[in-house]
Amino acid sequence: MVVRKPEVLRSFLEDERARLEAVIAQTDSEGVKNLGYGNHMADDATEAFEQAKELALHENAKQLLVQVTNALDRFDQGTYGSCERCKAEIDPARLEALPYATCCLHCQQRLSA
Ligand SMILES: [Zn+2]
């Protein structure tokens, strides 16, 4: 696996932030409320399903955006790539897979245990 340079990870995070903000804007409460007012009539079940899907997408995007913004702040503070908890260096392969990871695998496992 080729490990990307920090500036590449940073631009990935910036792109991701813009994408998430767009998702959130599209799926905010206004957007959810307006679903089903298109040209064709949606039956209630489909409409409810679509609303639930939009809402899940919205919540998911909001949570991710917090993590992405946090990672970008850490770039600014010069602490990106070190564990938030034990201050150890986060495995570059882990950052490659999860650029907004804020703690090392060891701490993450302890957190989710
Ligand atoms: Zn740690």
Side-chain angles (χ1 to χ4, degrees):
M1 188 193 319
V2 178
V3 175
R4 285 178 284 190
K5 291 188 170 75
E7 55 267 32
V8 178
L9 289 175
R10 180 172 189 149
S11 74
F12 168 84
L13 286 166
E14 281 167 348
D15 288 352
E16 190 68 359
R17 182 172 59 181
R19 188 186 70 83
L20 289 168
E21 282 170 349
V23 168
I24 289 166
Q26 278 166 17
T27 56
D28 65 8
S29 51
E30 198 69 26
V32 171
K33 214 164 49 190
N34 288 337
L35 272 179
Y37 288 88
N39 290 326
H40 62 91
M41 295 287 284
D43 65 74
D44 288 350
T46 305
E47 194 177 321
F49 174 75
E50 286 299 321
Q51 287 193 1
K53 208 170 66 178
E54 290 277 310
L55 200 63
L57 204 65
H58 185 71
E59 289 305 313
N60 188 32
K62 274 204 301 199
Q63 282 175 16
L64 258 179
L65 182 62
V66 169
Q67 294 182 58
V68 168
T69 304
N70 190 353
L72 284 166
D73 284 349
R74 287 151 55 77
F75 258 113
D76 290 340
Q77 290 159 8
T79 56
Y80 184 80
S82 60
C83 177
E84 217 171 36
R85 292 177 180 266
C86 70
K87 310 294 175 204
E89 197 182 325
I90 301 174
D91 185 352
R94 173 166 163 76
L95 288 176
E96 171 80 23
L98 199 68
Y100 41 79
T102 56
C103 58
C104 69
L105 196 57
H106 182 71
C107 291
Q108 185 64 52
Q109 281 169 347
R110 287 174 56 125
L111 273 177
S112 50

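First listed ligand is number 1; within each ligand, the first listed atom is number 1.
The Zn ion (ligand 1) forms the vertex of an angle spanning SG of C83 and SG of C107; to the nearest 10 degrees it equals 100°. The Zn ion (ligand 1) forms the vertex of an angle spanning SG of C86 and SG of C104; to the nearest 10 degrees it equals 110°.
With 2.8 Å as the limit, H106 does not count as an N, O or S neighbour of the Zn ion (ligand 1).
Within the model, atoms CD of Q77 and OG of S82 stand 10.0 Å from one another, a figure rounded to the nearest 0.5 Å.
With hydrogens and angles disregarded, no donor-acceptor distance shorter than 3.5 Å links the side chain of R85 to the backbone of Q108.
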TODO: Please assess D15 against R10 for the test salt bridge (charged side-chain N to carboxylate O under 4.0 Å, His left out), listing each intermediate value before the final yes or no.
DONE: CA-CA 9 Å; D15 288 352; R10 180 172 189 149; over 6 Å; no

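Counting non-hydrogen atoms of neighbouring residues, nucleotides and ligands closer than 6.0 angstrom, the CD atom of E21 exceeds 12 such neighbours.
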